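Starting from 1, each residue takes its place in the sequence as its number. Reckoned from all heavy atoms, side chains included, excluding hydrogens, waters and symmetry mates. Being a predicted model, the structure only gives us computed values, none of them experimental.
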Amino acid sequence: MPSTFELLRQGRKEELWQRCCGFIDLSLEEFMAIQHRLLLEQIELLKNCELGRKVMRGAMPNSVDEFRRMVPLTTYADYAPYLPEKREDALPLPPVVWQRTSGRSSQYSHKWVPVTRRLAEEMAPTFLALLLFATCK
């Protein structure tokens, strides 16, 4: 499958539009089905790592409804024992890069966020979609 940038370079506008902006044609049900599938993928990854077991407090949900019932909301403080020290051994996947954020709180002068290969690959179509929508007439 060609990358987003290859589609752009080759002038394959229809395929590029579908990859980057095709989501706007989805029904609410189709969009939510994708969101559920993606959440279940993340839950499965988290079940198998130290950080995931900690933030899910030992819960092993098998559906979105179970996840909502069993797993409490978290804050950065729940991740603080792992992320500031860039504890890759505690993560479900190794990051390709660590991104430093502004922190925006008195408790943390900055925060570290692991960026996985998949996230990095998904950002290109997302940024291109933002650019396309921002420049539309």
Side-chain angles (χ1 to χ4, degrees):
M1 176 167 50
S3 73
T4 302
F5 294 113
E6 288 169 347
L7 292 175
L8 183 61
R9 248 190 321 262
Q10 295 168 4
R12 294 162 64 181
K13 295 176 184 175
E14 186 60 37
E15 290 173 81
L16 187 61
W17 176 264
Q18 283 304 314
R19 177 167 304 161
C20 299
C21 305
F23 64 89
I24 67 171
D25 295 324
L26 296 175
S27 68
L28 180 58
E29 292 78 20
E30 292 168 323
F31 189 84
M32 292 307 296
I34 292 169
Q35 295 304 306
H36 282 176
R37 179 181 54 79
L38 293 172
L39 179 56
L40 289 173
E41 286 177 18
Q42 294 303 307
I43 292 168
E44 286 305 311
L45 287 171
L46 288 170
K47 285 179 181 180
N48 299 312
C49 75
E50 182 181 345
L51 176 60
R53 287 187 296 272
K54 185 206 181 259
V55 297
M56 293 198 303
R57 296 191 170 96
M60 293 291 173
N62 292 308
S63 71
V64 172
D65 288 333
E66 282 183 16
F67 179 78
R68 288 178 178 151
R69 280 194 317 273
M70 300 166 78
V71 179
L73 293 175
T74 60
T75 67
Y76 191 78
D78 296 300
Y79 304 88
Y82 305 93
L83 300 185
E85 284 110 35
K86 301 180 187 175
R87 292 259 327 269
E88 293 184 16
D89 62 306
L91 301 175
L93 296 170
V96 291
V97 68
W98 285 88
Q99 185 172 9
R100 185 177 190 253
T101 72
S102 63
R104 290 197 168 189
S105 78
S106 60
Q107 192 172 8
Y108 304 100
S109 61
H110 63 275
K111 298 175 183 174
W112 288 102
V113 178
V115 177
T116 62
R117 178 167 308 289
R118 182 170 177 189
L119 176 59
E121 290 168 357
E122 291 293 329
M123 292 313 294
T126 301
F127 286 138
L128 190 51
L130 290 170
L131 177 65
L132 288 170
F133 289 139
T135 58
C136 286
K137 291 184 180 179

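Remark: F133 CZ is packed, more than 12 non-hydrogen atoms of other residues, nucleotides or ligands lying under 6.0 Å away. Within 6.0 Å of CZ on F5 lie no more than 12 heavy atoms contributed by other residues, nucleotides or ligands. For R12, the CZ atom sits in a packed shell: over 12 heavy atoms of surrounding residues, nucleotides or ligands are nearer than 6.0 Å.
A salt bridge links E44 with K47: the distance from a Lys NZ or Arg NE/NH1/NH2 to an Asp or Glu carboxylate oxygen falls below 4.0 Å. A salt bridge does not link E15 with R19: every distance from a Lys NZ or Arg NE/NH1/NH2 to an Asp or Glu carboxylate oxygen is 4.0 Å or more.
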Trace of the salt bridge (charged side-chain N to carboxylate O under 4.0 Å, His left out) decision for E50 with K54: CA-CA 6 Å; E50 182 181 345; K54 185 206 181 259; over 6 Å; no
L83 vs W98, side-chain contact (heavy atoms from CB on, under 4.5 Å): CA-CA, chis, key distance, verdict: CA-CA 9 Å; L83 300 185; W98 285 88; 3.9 Å; yes
Steps toward side-chain contact (heavy atoms from CB on, under 4.5 Å) verdict (I34, R37): CA-CA 5 Å; I34 292 169; R37 179 181 54 79; 4.0 Å; yes
Audit row: L132, W17, side-chain contact (heavy atoms from CB on, under 4.5 Å) steps and yes/no: CA-CA 9 Å; L132 288 170; W17 176 264; 4.3 Å; yes
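Rounding to the nearest 0.5 Å places CG of L91 at 13.0 Å from CG of N48.
Taking all atoms of both residues into account, the shortest heavy-atom contact from E30 to S27 is OE1-N, 2.7 Å. Considering all non-hydrogen atoms of both residues, A80 and P84 come closest at O-CD, 2.8 Å. Here the closest heavy-atom approach between residue V55 and residue V71 is recorded as O-CG1, 3.9 Å.
Side-chain contact between W112 and R100 is present, with at least one heavy-atom pair separated by less than 4.5 Å. Using a 4.5 Å heavy-atom threshold, the side chains of D78 and R57 count as touching. Side-chain contact between F67 and M56 is present, with at least one heavy-atom pair separated by less than 4.5 Å.
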